[in-house]
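These notes are about the structure you will find just below.
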Amino acid sequence: MMSSGYTTLDNQNVSGSVPAASSPDRVELKFPESNLQTFPPSQTQGKITGTFQPPIDADDSFSKPGSGGGQDDNQPSGWQRYFSVAPYQPYFNVDTSDVLERIRDSLLPYKGTFSERTVHNPDLYGPFWICSTLILVAAALGNLVGYIAHKKHHKHWDYDINQVTWSAGLFYGYVAVIPLLLYFVLKYFSVPSGLVNLWCLYGYSLFVFIPASCLSVIPLEIFRWVVVGAAGLMSATFLAINLRSHIKTASERWLLIVAGIFLLQLGLAVILKLYFFTIVLGKD
């Protein structure tokens with residue numbers, strides 16, 4: 001039978017052909033629903049699971065770090081680890097809110113809660129930047145005070161670069177050495193203490209000298225003594241109160257130790273005033 005150039009064959013009369021389905025209904029194929037929208041699938045079916053497990057007889061050479069590829073093998077051991085960065089990372093793991101809260105506690109010396117809050121998580125991040133900022137502020141403003149005083153009296157003035165060096169040696173040395181000496185003194189009297197806790201306490205105690213240095217730019221000698229003296233009292237009181245409750249219960253000579261801490265901090269304030277904010281005019 002021909003129609004429009006095509007031939008229609010009767011499926012029933014063609015030999016060797018597969019007879020067509022007699023039912024006129026459409027056959028629907030149903031597939032199991034898959035979890036393609038989520039990867040990896042929440043449920044696994046069949047023999048393939050979501051976790052790869054190597055064969056029992058597989059070589060585990062690639063699953064273990066090699067002799068030169070593991071980080072643990074490259075880390076130094078013994079006393080050499082103190083010269084690497086890894087041991088000091090936990091002491092710099094603080095955010096801005098933690099540092100600001102500890103600075104606020106240092107400006108409220110009579111609370112005496114700083115040591116309790118930092119006993120388990122002392123940091124060196126805040127003390128480092130406080131000390132570094134104080135070095136730059138004291139050296140820069142000390143030169144500015146000298147410039148103002150010399151220009152006021154029409155004297156020749158030269159920038160004193162040595163103030164930066166002396167400032168760095170004074171404050172870095174004070175924060176590093178004094179807590180270390182105090183640590184050995186407390187060990188001698190069998191007072192439990194942490195060296196990092198002492199560094200943290202002394203570092204934050206220097207913050208009050210930063211605004212005091214800024215106020216010392218005002219060309220009034222009495223005002224400068226009052227500002228630096230008040231800052232020294234606040235800083236010394238902050239140290240004494242936070243260490244008193246810790247030392248008092250462990251040593252009978254706690255009063256001598258606290259008094260020495262208090263006087264050393266006052267001495268630092270006096271040095272700050274005399275070296276950076278006391279102007280001696282030249283003869284020219």
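When a residue number appears, it is its place in the shown sequence, counting from 1.
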Exercise. May I ask you to list the residues sharing a hydrophobic cluster with Val226, side-chain cutoff 4.5 Å, ordered by chain and number?
Key: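 Under the 4.5 Å side-chain rule, Val226 groups with Ile222.
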_Test question: given the 4.5 Å side-chain rule for I, L, V, M, F, W and Y, name all other residues clustered with Ile218, or answer none._
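Listed partners: Leu215, Leu220, Phe223, Val227.
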If every non-hydrogen atom of [X] is compared with every non-hydrogen atom of [Y], which pair is closest and at what distance?
X	Y	value
Leu198	Pro179	CD1-O, 3.6 Å
Asn242	Gly112	OD1-C, 3.5 Å
Leu206	Cys131	CD1-SG, 4.4 Å
Leu134	Ser213	CD1-OG, 4.1 Å
Phe209	Ala269	CE2-CB, 3.6 Å

Inter- and intrachain pairs under salt bridge (charged side-chain N to carboxylate O under 4.0 Å, His left out), touching [range], at least two apart:
range	value
residues 138-154	none
residues 234-245	none
residues 173-190	none
residues 120-148	Arg102-Asp123

Out of curiosity, [X] [atom1] to [Y] [atom2], how far, rounded to the nearest 0.5 Å?
X	Y	atom1	atom2	answer
Ile210	Ile130	CD1	CD1	6.5 Å
Ser115	Leu239	OG	CG	9.0 Å
Leu181	Ile178	CG	CD1	5.5 Å
Leu266	Ile261	CG	CD1	12.5 Å
Ile135	Thr165	CD1	OG1	10.5 Å
Asn197	Asn121	CG	CG	9.0 Å

Any side-chain hydrogen bond (donor to acceptor under 3.5 Å, both in side chains) pairs touching residues 258-269, not counting sequence neighbours?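 As it turns out, the side-chain hydrogen bond (donor to acceptor under 3.5 Å, both in side chains) pairs with a partner in residues 258-269, which skip direct neighbours, are Tyr174-Gln265, Ser205-Gln265, Ser235-Gln265.
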Check your understanding: Taking only residues two or more places apart in sequence, or in another chain, which ones meet Phe114 in a ring-ring contact (aromatic ring centres under 6.0 Å, His included)?
Key ->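 In terms of ring-ring contact (aromatic ring centres under 6.0 Å, His included), with neighbours along the sequence ignored, Phe114 is linked to Tyr204, Phe238.
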Contacts of Tyr172 meeting ring-ring contact (aromatic ring centres under 6.0 Å, His included) (sequence neighbours excluded), chain-then-number -> none
Could you check Leu108 against Thr113 for side chain to side chain contact (heavy atoms under 4.5 Å, CB included), going step by step and ending with a plain yes or no?
CA-CA 10 Å; Leu108 301 174; Thr113 58; over 6 Å; no
Hey, are the side chains of [X] and [Y] touching, using non-hydrogen atoms and a 4.5 Å cut-off?
X	Y	result
Leu243	Ile257	no
Phe128	Val175	no
Ser167	Phe276	yes

**OP:** Check for a donor-acceptor pair, side chain of Ser132 on one end and backbone N or O of Trp129 on the other, with a separation under 3.5 Å.
**Re:**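 Looks like no, no N/O pair under 3.5 Å.
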For residues [X] and [Y]: do they belong to one hydrophobic cluster (side chain heavy atoms under 4.5 Å, members Ile, Leu, Val, Met, Phe, Trp, Tyr)?
X	Y	answer
Met234	Leu100	no
Leu201	Val196	yes
Tyr188	Leu256	no
Leu186	Phe189	yes
Leu182	Ile241	no

Salt bridge (charged side-chain N to carboxylate O under 4.0 Å, His left out) filter on Arg224, not counting sequence neighbours, yields Glu221
Those residues at least two apart in sequence (or on a different chain) that pass salt bridge (charged side-chain N to carboxylate O under 4.0 Å, His left out) with Asp105 are Lys111, Arg117
Got a list of side-chain donor-acceptor pairs under 3.5 Å for residues 136-147, not counting sequence neighbours?
{"residue": "Asn143", "atom": "OD1", "partner": "Asp160", "partner atom": "N", "Å": "2.8"}
{"residue": "Asn143", "atom": "ND2", "partner": "Ala139", "partner atom": "O", "Å": "2.8"}
{"residue": "Asn143", "atom": "ND2", "partner": "Asp160", "partner atom": "O", "Å": "3.4"}
{"residue": "Asn143", "atom": "ND2", "partner": "Gln163", "partner atom": "OE1", "Å": "3.2"}

Practice problem: Give a yes or no on whether Phe184 atom CZ has more than 12 heavy-atom contacts from other residues, nucleotides or ligands under 6.0 Å away. | Solution: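 Open.
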Got a sec: does the CH2 of Trp166 have more than 12 other heavy atoms crowding it under 6.0 Å?
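Open: at most 12 neighbouring heavy atoms sit under 6.0 Å from CH2 of Trp166.
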Item to complete: Apply side chain to side chain contact (heavy atoms under 4.5 Å, CB included) to Trp254 and Val258, showing your working.
Response: CA-CA 6 Å; Trp254 67 270; Val258 173; 4.1 Å; yes
Checklist entry - Taking it one step at a time, do Phe262 and Leu233 satisfy side chain to side chain contact (heavy atoms under 4.5 Å, CB included)? => result CA-CA 8 Å; Phe262 189 88; Leu233 286 174; 4.0 Å; yes
Working note: Leu170 + Leu272, criterion side chain to side chain contact (heavy atoms under 4.5 Å, CB included); need CA distance, chi angles, decisive distance, verdict. CA-CA 9 Å; Leu170 174 64; Leu272 175 66; 5.7 Å; no
